[in-house]
Amino acid sequence: MDEQARILQALGGVNLAGHSVQGGMALPPPHGHDGSDVDGRKQDIGDILHQIMTITDQSLDEAQAKHRKHGLNCHRMKPALFSVLCEIKEKTGLSIRGAQEEDPPDPQLMRLDNMLLAEGVSGPEKGGGSAAAAAAAAAAGSPTDNSIEHSDYRAKLSQIRQIYHTELEKYEQACNEFTTHVMNLLREQSRTRPISPKEIERMVNIIHRKFSSIQMQLKQSTCEAVMILRSRFLDARRKRRNFSKQATEILNEYFYSHLSNPYPSEEAKEELAKKCSITVSQGVGTTITVAQVSNWFGNKRIRYKKNIGKFQEEANLYAAKTAVTAAHAVAAAVQNSQTNSPTTPNSGGYPAPCYQSDGRIQ
DNA sequence: TATCATGATTAGAT
DNA sequence: ATCTAATCATGATA
């Protein structure tokens with residue numbers, strides 16, 4: 001860690017003009033040390049060190065810089081300095097530090113990646129987004145108009161997608177530029193001080209990690225944007241449509257005729273959903289899903305229970321209704337075959353408008 | 001426009 | 001998993 005700081009410090013003294021990364025790539029601030037762990041070196045060496053550190057300063061005068069570099073490289077003390085630096089390095093054990101932590105794949109980053117992929121932002125091409133959106137809409141149980149709102153949603157999503165990709169590209173490019181820049185610097189410096197390939201590699205790793213953390217920010221904010229977009233367009237609550245009269249009729253019929261146990265089985269729900277969807281198949285399909293039937297019964301049960309009085313009238317109405325149809329059925333049955341015993345199957349026949357006195361359902 | 005009705009979502013219990 | 005209860009957001013209506 002100390003060494004990294006030192007390397008970064010050395011870089012910090014270099015003019016990185018033109019390589020500023022938007023959002024601020026925060027290199028660790030220079031540490032307290034100043035590069036001379038060993039004291040008592042001559043002023044001469046100090047000067048040379050300083051020159052090394054600042055050698056790539058892109059001074060206005062390129063020729064002058066060249067001259068200085070050349071001067072340094074041909075300095076009579078250079079070989080001696082080099083070996084001294086090697087020795088220092090050897091002693092302080094800087095050169096041998098195993099390649100530590102192979103960074104494990106950040107779980108959060110993976111989460112973000114997965115989501116972006118699922119949302120169709122980072123996926124293959126335009127098809128993915130709409131498919132995911134459609135799936136999401138279907139899952140949310142709002143199968144109605146996914147044409148008008150949907151195209152709007154898709155447009156916005158592709159906008160986000162585009163921004164995301166251009167930004168990503170920018171980061172990628174900046175990262176590469178910066179990396180080559182640093183590599184060049186190190187290569188330059190390796191002529192006057194010992195730099196192992198491992199160090200360079202580590203340096204590159206550090207840079208990449210920094211950039212990937214920036215990328216993560218980008219992914220994070222993109223995810224947020226997508227979530228907002230989704231909640232804005234895909235949240236079924238925002239485009240609630242009341243069921244058709246016939247659909248509510250069917251559902252209410254079932255509810256009040258099973259008042260003592262208004263919990264339709266899965267099959268019953270499917271049946272009801274189908275029946276509701278069939279009604280008035282005019283216009284854009286008002287298909288009702290099983291999930292919606294479940295929602296309806298959930299709401300109905302709780303609301304009925306909460307205020308039975310309010311639903312008295314409705315209950316009577318539907319009770320009468322089913323009574324009439326049942327009576328007809330019974331009459332028909334009686335007329336058709338005497339052997340048929342007309343005991344109605346479900347939970348005690350058509351219930352007269354009778355309610356549990358304690359207000360509880362089941 | 002205030003208010004109720006209603007479909008969907010959510011947390012938490014079972 | 002499915003249900004309840006509370007809540008949200010919108011539709012319908014007075």
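The figures that follow rest on heavy atoms only: side chains count, while hydrogens, waters and symmetry mates do not. So that the names make sense, note that chain A is the first sequence line, chain B the second, and so on, each numbered from 1.
Rounding to whole angstrom units, CD of residue E267(A) and P of dT2(C) are separated by 12 Å. The nearest whole Å value for the distance from the CZ atom in R301(A) to the C1' atom in dA8(B) is 15 Å. Atom CZ in F243(A) sits roughly 13 Å away from atom C1' in dA5(B) (whole-Å rounding). The distance from atom CD1 of I302(A) to atom C1' of dC3(C) is 9 Å, rounded to the nearest whole Å. The distance from atom CG of N295(A) to atom C1' of dC3(C) is 12 Å, rounded to the nearest whole Å. When rounded to the nearest whole Å, the span between CG of L251(A) and C1' of dA5(B) equals 16 Å. Straight-line distance from the CG atom of N307(A) to the P atom of dT4(C): 17 Å, rounded to whole Å. Atom CZ of F297(A) and atom P of dG7(B) are 12 Å apart (whole Å).
As judged by a 4.0 angstrom heavy-atom cut-off over every strand, N299(A) is placed among the base-contacting residues.
Nearest-nucleotide mapping onto DNA chain C: of G298(A) and N242(A), the residue sitting toward the 5' end is G298(A).
Listed pair K300(A) / dG7(B) fails the phosphate criterion, with no side-chain N or O lying under 4.0 Å from OP1 or OP2. Taking side-chain N and O atoms only, Y304(A) has no distance below 4.0 Å to OP1 or OP2 of dA5(B). For the pair R241(A) and dT10(C), the criterion of a side-chain N or O lying under 4.0 Å from OP1 or OP2 is not met. In this model, the phosphate group of dA6(C) is approached by a side-chain N or O of K306(A) to a distance below 4.0 Å at OP1 or OP2.
Out of dT9(B), dG11(C), dA5(C), the shortest distance to the side chain of K305(A) is found at dA5(C). In this structure, the nucleotide among dT9(B), dG7(B), dC3(C) sitting nearest to the side chain of R240(A) is dG7(B). Among dA8(B), dT4(C), dT2(C), the nucleotide with an atom closest to any side-chain atom of E266(A) is dT2(C).
A pairwise comparison of heavy atoms in A247(A) and C276(A) identifies O-SG, 3.7 Å as the closest pair.
Listed by chain and number, the residues in a ring-ring contact (aromatic ring centres under 6.0 Å, His included) with Y164(A) amount to none (sequence neighbours excluded).
Members clustered with M110(A): none, using a 4.5 Å side-chain heavy-atom cutoff among hydrophobic residues.
Aromatic ring pairs are classed by plane angle as parallel below 30°, tilted from 30° to 60° and perpendicular above 60°; the pair H181(A) and F178(A) is tilted. Ring geometry for F297(A) versus Y254(A): interplanar angle over 60°, hence perpendicular rather than tilted (30 to 60°). The aromatic rings of W296(A) and F255(A) lie perpendicular to each other, with more than 60° between the two planes, well past the 30° mark.
Taking 3.5 Å as the limit, the base of dT7(C) and the side chain of R303(A) contain a donor-acceptor pair of atoms between them.
Between E314(A) and K300(A) there is a salt bridge, since a side-chain N of the basic residue sits under 4.0 Å from a carboxylate O of the acidic one. In this structure, K170(A) pairs ionically with E167(A), as a charged nitrogen and a carboxylate oxygen lie closer than 4.0 Å.
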Would you tabulate the nitrogen or oxygen pairs shorter than 3.5 Å linking the protein to nucleotides 12-14 of chain B?
none

